[in-house]
Amino acid sequence: MGGSSPCASCKLLRRRCAKDCIFAPYFPPDDPYKFAIVHKVFGASNVSKMLKELSVHQRADAVRSLVYEASARMKDPIYGCVGVISYLEDQVSQLQMQLAVAQAEILWIQMQQAESSMANQQIIHAEDKSFVQHNSHTIVPQLMSFGSSSNVVREPLKRDRER
């Protein structure tokens with residue numbers, strides 16, 4: 001960095017931080033842990049080579065990935081972030097199964113409600129039929145004596161009068 005304080009990598013490696021230090025933009029002096037874990041897992045030389053092979057706009061993402069992988073390796077030295085990915089995939093699979101079970105239960109409840117509703121409609125329809133059969137001898141004659149359409153005085157509609 002050449003300025004006031006060396007970057008975290010130069011500080012850890014106990015060297016002078018040059019103006020064109022490849023680590024300085026990505027490992028600031030106020031976060032020494034970030035470089036320490038990357039250095040422990042990958043080595044400063046390897047990280048330097050990786051960063052030099054990348055274009056400047058890709059380096060920040062690469063450093064974030066290296067820090068994530070190094071952190072995962074510190075927690076799980078054998079599987080690293082692959083262990084985390086595998087665990088998350090298992091969780092997704094379990095949640096998908098739980099969702100499928102919940103959807104099946106909802107469908108079953110909806111079918112039960114539909115069957116119940118149909119049974120209620122059949123009961124009501126049967127009651128209506130029974131009512132009509134028992135009361136048809138009184139209702140039908142009343143309807144028949146109501147009068148035919150020839151007895152009804154027809155008032156012309158306002159619309160018909162205007163034509």
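Model, not experiment: these values are computed from the prediction. Numbers here are sequence positions counted from 1.
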- prompt: Got C81 and Y68 here, is their nearest side-chain heavy-atom distance under 4.5 Å?
  reply: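 In short, these two side chains touch, coming nearer than 4.5 Å.
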Could you pull out all donor-acceptor pairs under 3.5 Å where a side-chain atom in residues 105-118 meets a protein atom, sequence neighbours excluded?
none

Which pairs of donor and acceptor atoms, one on a side chain in residues 92-104, lie under 3.5 Å apart (sequence neighbours left out)?
none

- prompt: With ILVMFWY side chains joined below 4.5 Å, transitively, what does I78's cluster contain besides itself?
  reply: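 Listed partners: Y79.
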Closest heavy-atom pair and its distance - [X], [Y]:
| X | Y | result |
| --- | --- | --- |
| C17 | A24 | SG-CB, 4.4 Å |
| A44 | H39 | N-ND1, 3.1 Å |
| R16 | C10 | O-SG, 4.2 Å |

- prompt: Residues in side-chain contact (heavy atoms from CB on, under 4.5 Å) with I37, at least two apart?
  reply: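 With sequence neighbours excluded, I37 shows a side-chain contact (heavy atoms from CB on, under 4.5 Å) to Y33, V67, A70, S71, M74, given in chain and number order.
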V82: side-chain contact (heavy atoms from CB on, under 4.5 Å) partners, not counting sequence neighbours: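 Testing V82 for side-chain contact (heavy atoms from CB on, under 4.5 Å), a comparison that skips the adjacent residues, returns none.
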task: Please list, chain by chain and in numerical order, all residues satisfying ring-ring contact (aromatic ring centres under 6.0 Å, His included) with Y26, sequence neighbours excluded.
output: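 Listed in chain order: nothing, the list is empty.
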message: If hydrophobic clusters are built from ILVMFWY residues whose side chains come within less than 4.5 Å, do V41 and I22 share one?
response: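 Yes; I22 is reachable from V41 via cluster members.
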Tabulate below the donor-acceptor pairs under 3.5 Å that side-chain atoms of residues 46-55 make, not counting sequence neighbours, or state none.
from : atom 1 : to  : atom 2 : distance (Å)
N46  : ND2    : F42 : O      : 2.8
S55  : OG     : H57 : ND1    : 3.1
S55  : OG     : Q58 : OE1    : 3.2

- request: Kindly state each residue pair satisfying salt bridge (charged side-chain N to carboxylate O under 4.0 Å, His left out) with at least one member in residues 54-65, sequence neighbours excluded.
  value: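 Output for this query lists D61-R64.
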message: Taking salt bridge (charged side-chain N to carboxylate O under 4.0 Å, His left out) as the cut-off, I'd like each qualifying pair that reaches into residues 28-45, sequence neighbours left out, listed once.
response: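 Residue pairs with at least one partner in residues 28-45: there are none.
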- request: Return the set of residues passing side-chain hydrogen bond (donor to acceptor under 3.5 Å, both in side chains) with Y87 (not counting sequence neighbours), or none when no residue passes.
  value: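 Partners of Y87 by the side-chain hydrogen bond (donor to acceptor under 3.5 Å, both in side chains) criterion, ordered by chain and then number, come out as Q91.
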message: Just verifying a value: how many Å separate C21 SG and F27 CZ, rounded to the nearest 0.5 Å?
response: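 Answer for the SG-CZ pair, C21 versus F27, is 10.0 Å.
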